[in-house]
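Report on the structure given below.
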Amino acid sequence: MNFSQFVAGDSRAIAEGAVLERVRRDPELTLDPHILNGGFVYDAKARGRLAQIHVDYMRLARKAHLPILAFTDTWRCSQRAIDASRFKGRAVNEDNVRFLTELRASLGEGSPIFIGGLVGPSGDAYKPEIGLDRRSACDFHRPQILALASAGIDFLHLATAPHVEEALGIADAMAETDLPYVISFVIRRTGVVLDGAPVVQAMDRIEAETARPPAGFSINCVHSQVLETALETIATTRPETSGRILTFQANTADAEVEELDNSEVLVTEPAEDFADRVARLGSRFGLRVLGGCCGTEGRHIEALTSKLTGEENLI
């Protein structure tokens, strides 16, 4: 089963929990100021830590007999960022794809592990005012998207998009490839993207205006209560909206993004509480792929897989 076949079906899956936020808070690791953890594949210690995190998530999915969406550590690896970093001249995106595909191969046969080539916004994910216009965004992100697409990924994934015009430009560049792609927004409880545009209108525009529409949409980096409130609001006029959301990766802090931006303290919640809320939300609105974002660890995804499969002990 490839990713397009999965999307066309009706089976459920999980997505990874946090990776970047976990290594960001590891005192033994240092993020690059330009590409963050994108260069960890070139350092034995950092590479080992990344491998441990990714493989733990993959094994949880395999034990639960669920497909999983895993993402390359390339959220900040635009060509411009690579050129500004000490990794200039290296094939950072391709090497991160190779790293994940090798990890997948090491686990042998089992439930599908879909590798997504991860792209992030050009600027701060919580500051939509610095987003690029559509044409500039397409030009800015195209080199990274083409690099990821050439390296053997299963799909492309834009995460934490705060600005609809930039998301449109990224979708334009992704549509130029032959790969399925997913566009993920950060939203408010009122059902709007951080730039103020209603998320339903953002979805409408991307589907109507791009040369090839996305395989689905996603919401990430918000608490389950935020999405639940937003979907309740949207359902009064556009009840079909939840069916367009393929993936939800929840964080563990029920707070506004302004409260979380550059927070010194990681706000988390017990794994069982996280799993209860996310699984209930998924069941209520028919969300097929559920996972974690900031504040989550293996125990959160383990608890979530237990809820989704009805199994109490996966390890």
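Counting begins at 1 with the first residue of the sequence.
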Pairing of [X] and [Y] as salt bridge, 4.0 angstrom limit:
{"X": "Lys127", "Y": "Asp195", "result": "no"}
{"X": "Glu21", "Y": "Arg25", "result": "yes"}
{"X": "Asp95", "Y": "Arg47", "result": "no"}
{"X": "Arg277", "Y": "Glu228", "result": "no"}
{"X": "Arg212", "Y": "Glu207", "result": "no"}
{"X": "Glu166", "Y": "Arg134", "result": "no"}
{"X": "Arg22", "Y": "Asp56", "result": "no"}
{"X": "Arg205", "Y": "Glu165", "result": "yes"}
{"X": "Glu28", "Y": "Arg49", "result": "no"}

Legend entry - Min side-chain heavy-atom separation Leu103-Leu107 under 4.5 Å: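 Contact flag for Leu103/Leu107 side chains = no.
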
Legend entry - Geometric cation-pi criterion, Arg288 with Phe6: 6.0 Å, 45°: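 Yes, Arg288 and Phe6 form such a contact.
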
Inset, instruction - Decide whether a cation-pi geometry holds between Arg90 and Tyr42; the criteria are a distance under 6.0 Å from NZ or CZ to the six-membered ring centre and an angle within 45° of the ring axis. - result: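 Pair Arg90/Tyr42 counts as cation-pi.
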
With no hydrogens and no angle check, just 3.5 Å: does a side-chain donor-acceptor pair link [X] and [Y]?
{"X": "Gln225", "Y": "Thr229", "result": "yes"}
{"X": "Ser184", "Y": "Asn220", "result": "yes"}
{"X": "Asp73", "Y": "His54", "result": "yes"}

Inset, instruction - Verify, without hydrogens or angle tests, whether Ser78 (side chain) and His141 (backbone) share a donor-acceptor contact under 3.5 angstrom. - result: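 No, because the side chain of Ser78 does not come within donor-acceptor range (under 3.5 Å) of the backbone of His141.
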
Inset, instruction - Just do the ring pair (Phe, Tyr, Trp, His ring centres under 6.0 Å) check on Tyr181 and His157 with the steps written out, would you? - result: CA-CA 6 Å; Tyr181 67 97; His157 186 84; over 10 Å; no

Enter the distance from [X]:[atom1] to [Y]:[atom2] here, rounded to the nearest 0.5 Å.
{"X": "Leu227", "Y": "Gln249", "atom1": "CG", "atom2": "CD", "value": "12.5 Å"}
{"X": "Leu66", "Y": "Thr305", "atom1": "CG", "atom2": "OG1", "value": "7.0 Å"}
{"X": "Leu20", "Y": "Leu31", "atom1": "CG", "atom2": "CG", "value": "6.0 Å"}

Legend entry - Derivation of the side chain to side chain contact (heavy atoms under 4.5 Å, CB included) call for Leu290 and Thr247: CA-CA 6 Å; Leu290 301 172; Thr247 306; over 6 Å; no

